[in-house]
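Quick note: numbers below take in every heavy atom, side chains included, and nothing from hydrogens, waters or symmetry partners. Please read all numbers here as calculations on a predicted model, not as lab measurements. Chain identifiers are assigned alphabetically (A, B, ...) following the order of the sequence lines, protein sequences preceding nucleic acid strands; residue numbering begins at 1 within each chain.
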Number of protein chains: 2
Amino acid sequence: MTRAFDSHDHATCRREALAAAEAACAERGERLTPVRRRTLEILLESHRALGAYDVLERLREDGFGSQPPVAYRALSFLVEQGLVHRIEALQAFVACARPGKTHEAAFLVCRRCRRVAEEPLPDQTPTTPGFAVERRVVEMQGLCPDCRNGKA
Amino acid sequence: MTRAFDSHDHATCRREALAAAEAACAERGERLTPVRRRTLEILLESHRALGAYDVLERLREDGFGSQPPVAYRALSFLVEQGLVHRIEALQAFVACARPGKTHEAAFLVCRRCRRVAEEPLPDQTPTTPGFAVERRVVEMQGLCPDCRNGKA
DNA sequence: TCGGGGATGTTATGGTATAACAAGACGTCT
DNA sequence: AGACGTCTTGTTATACCATAACATCCCCGA
């Protein structure tokens with residue numbers, strides 16, 4: 001499922017992700033309201049990480065509120081539901097490649113095109129006795145195949 | 001060397017780290033100027049991550065410049081030299097626990113007290129064919145032993 | 001002693017994020 | 001239907017994080 005860097009049928013990819021998101025929310029009794037849904041759609045248009053203000057601009061164009069909390073709230077909701085991930089090193093957000101269940105993942109982040117692929121996180125990650133790990137941030141920054149070849 | 005969460009002789013810990021930093025700079029022909037040295041000392045006072053503006057305030061009190069670039073430039077230099085690490089998830093900086101050679105590390109980051117321990121990074125981290133990893137960000141967020149016990 | 005490069009300082013500005021409050025939508029209980 | 005509580009959306013205002021651009025200074029080598 002590291003489709004971010006591979007050519008694939010993106011229309012289907014998007015449609016499936018949206019359907020999975022709807023199913024996940026329904027199952028949990030959470031509401032995928034218009035702003036939230038549109039925010040997810042915006043992120044699903046590409047496998048790229050977008051800043052909150054990029055998302056906000058798109059939402060404003062679509063007639064939603066134009067102030068930062070509008071975008072941050074929708075993004076927070078989607079992150080809580082595991083439908084979107086925050087890429088710490090970019091301070092940006094990317095749609096989840098495997099929605100449906102909340103999960104942790106490692107990310108391959110292209111510094112040039114900002115596309116992000118998701119990989120499974122090893123069971124074992126470094127720790128030290130007595131430290132209670134709550135969240136694991138694993139991000140590999142570098143160049144994706146296309147950007148290495150100057151294709152993108 | 002995960003001393004951040006253990007009691008230890010911190011005066012010695014600090015002194016050794018500073019000596020190692022001086023040695024590293026000397027060897028490379030880099031200049032550990034007064035602002036840079038003071039910035040490192042400030043971070044070495046604790047094993048906690050400090051924001052750039054916290055550092056700046058301390059520098060200003062000590063008679064250095066009071067504008068953000070003063071702190072950011074010193075921090076950038078120290079990060080380049082491997083004497084300080086940036087914690088992406090906190091947008092903050094912590095003195096390196098093993099100065100002397102530039103290296104990558106995994107970090108255990110306490111969300112309550114902001115103390116940070118450094119652990120070796122596994123040789124193997126997730127990737128995908130064709131992706132050229134340039135930098136690895138591995139940060140475990142959670143609660144340190146003291147904060148779990150309400151001690152700190 | 002005259003450049004020249006690097007370091008330091010400034011002003012100004014831009015990007016990221018949240019607190020606090022007002023108003024609206026919606027289910028539900030009576 | 002109407003009253004209530006909760007969740008959601010929207011606003012204003014503000015705080016925090018970061019860097020571009022330019023002036024000055026300092027030190028070293030020619």
Start with the C-alpha gap between Asp146(A) and Arg115(A), add the side-chain angles, then the distance that decides, and say whether salt bridge (charged side-chain N to carboxylate O under 4.0 Å, His left out) holds.
CA-CA 10 Å; Asp146(A) 283 356; Arg115(A) 279 190 293 186; 3.1 Å; yes
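Side-chain atoms of Glu118(B) never come within 3.5 Å of backbone atoms of Ala106(B) as a donor-acceptor pair (strictly under, hydrogens ignored).
Between Leu44(B) and Ala95(B), the closest heavy-atom pair is CD2-CB, 3.6 Å.
Glu45(B) and Arg14(B) are not joined by a salt bridge, as no carboxylate oxygen comes within less than 4.0 angstrom of a charged side-chain nitrogen. With respect to Glu104(B) and Arg135(B), no salt bridge is recorded, no charged nitrogen being found less than 4.0 Å from a carboxylate O.
Atom-to-atom, CZ of Phe64(A) to C1' of dG10(D) comes out at 13 Å; the value is rounded to the nearest Å. The CG atom of Leu32(A) sits 15 Å away from the C1' atom of dT9(D) (whole-angstrom rounding). Rounded to a whole Å, the CZ atom of Arg60(B) is 18 Å from the P atom of dT8(C). To the nearest angstrom, C1' of dT8(D) lies 14 Å from CG of Leu78(A).
Within the 4.0 angstrom heavy-atom criterion, only backbone atoms of the sugar-phosphate kind lie near Arg36(A); the bases stay farther away.
Contact check, Thr33(B) against dT8(C): a side-chain N or O comes under 4.0 Å of OP1 or OP2.
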Anything under 3.5 Å between a protein N or O and an N or O of nucleotides 14-20 of chain C, put it in a table, one pair a line.
residue, atom, partner, partner atom, Å
dT16(C), O3', Gln91(A), NE2, 3.4
dA17(C), OP1, Arg86(A), NH1, 2.7
dA17(C), OP1, Arg86(A), NH2, 2.7
dA17(C), OP2, Tyr72(A), OH, 3.1
dA17(C), O5', Tyr72(A), OH, 3.4
dA17(C), N7, Tyr53(A), OH, 2.7
dA17(C), N6, Tyr53(A), OH, 3.4

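Side-chain atoms of Val35(B) lie closest to dT8(C) of the nucleotides dG6(C), dC7(D), dT8(C).
Within a 6.0 Å radius of CD in Gln124(A), no more than 12 heavy atoms belonging to other residues, nucleotides or ligands are found.
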